[in-house]
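Accompanying notes for the structure given below.
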Amino acid sequence: MSFADFGEELHLRPTLEGRPLEPRRILIVEDEEDIASLLEYHFQKAGFRTEKSGDGESAINAVTKRRPDLLVLDLMLPGMDGLEVCKMIRKEKDTQNLPIIMLTAKGDEVDRIVGLELGADDYVVKPFSPRELILRARAVLKRSSGKEDETDQIDLGAVKIDIGSHKVWVNSTDVSLTSTEFNLLLTLVKHRGKVLTRDRLLDLVWDYHYDGYARTVDTHIRRLRQKMGDEGSAIETVWGVGYRYKE
């Protein structure tokens, strides 16, 4: 793997009305120490607090002991791999909504799709630019935080959405969605009756658009439909164009 891109300088410290925000905590799960250290350096330079784990078991222990704001999870780990770590985190009530960005090798297309199916919010392919990864991290954290002043509720009959609390009920049953899945559903619902292309959904939900990531939308749509059961059919595929939440 080439690390040429790791030399970029980053000055992305977040502020609010001129005051620094409380630093977000990033757990970096990477068994290659040089990569983990470089990621730690750039995240800290961007204003984050960091912690490192070198294998899946220690990552699970770290998450259980003190839940981070975001997990940057390498796919290939000794012992328990990244897919299994993601699966275990999504099973537990206290961590099922923890934002996860998965790091994958360039040739692992199947594993990337499986990772998204298991509930990873996003993935970044190695080798990657630290700037891109940090921008992705900011986008995921933005989606997961929501807006405190948004307290509106959307009632679609069988489907009810509480924007302020990031909760969704389908036929009165609480449906657990990741932050990305919630924002994807909310975006489709707010534009119901209109077709949104994959590129448009990437811009609106993921807050970025990179060529080759349209498959990410398809995987999240499929997972969202599964979680919504029969009501998932309200998310219609418009072949050759994109997706629409029917009126």
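With sequence neighbours left out, K52 forms a salt bridge (charged side-chain N to carboxylate O under 4.0 Å, His left out) with E33, E40. Shown here are the salt bridge (charged side-chain N to carboxylate O under 4.0 Å, His left out) partners of D230, two or more places apart in sequence or in another chain: there are none. Judged as a side-chain hydrogen bond (donor to acceptor under 3.5 Å, both in side chains), and not counting sequence neighbours, R192 has no contacts. Not a single salt bridge (charged side-chain N to carboxylate O under 4.0 Å, His left out) links E231 to another residue, sequence neighbours left out. Contacts of E236 classified as side-chain contact (heavy atoms from CB on, under 4.5 Å), with partners at least two apart in sequence or in another chain: R244, K246. Remark: K87 pairs with no residue by the salt bridge (charged side-chain N to carboxylate O under 4.0 Å, His left out) rule, at least two apart or across chains. Partners of R200 by side-chain hydrogen bond (donor to acceptor under 3.5 Å, both in side chains), not counting sequence neighbours: none found.
Judged as a ring-ring contact (aromatic ring centres under 6.0 Å, His included), the pairs with a partner in residues 217-243 (not counting sequence neighbours) are, in order, W206-H220. Identified under the side chain to side chain donor-acceptor pair (under 3.5 Å) test for residues 91-103, with sequence neighbours left out: Q96-S176.
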Only distances under 3.5 Å count here; give the side-chain donor-acceptor pairs of residues 68-81 to other protein atoms, sequence neighbours excluded, each with its distance to 0.1 Å.
residue	atom	partner	partner atom	Å
D69	OD2	R25	N	2.7
D74	OD1	K126	NZ	3.0
D81	OD1	L83	N	3.2
D81	OD1	E84	N	2.9

Compile the donor-acceptor pairs under 3.5 Å between side chains in residues 59-66 and protein atoms, sequence neighbours left out, one pair per line.
residue	atom	partner	partner atom	Å
N61	ND2	E57	O	3.3
T64	OG1	I60	O	2.8

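V238 belongs to a hydrophobic cluster with V195, V241, counting contacts under 4.5 Å between side-chain heavy atoms of Ile, Leu, Val, Met, Phe, Trp and Tyr, direct or through other members.
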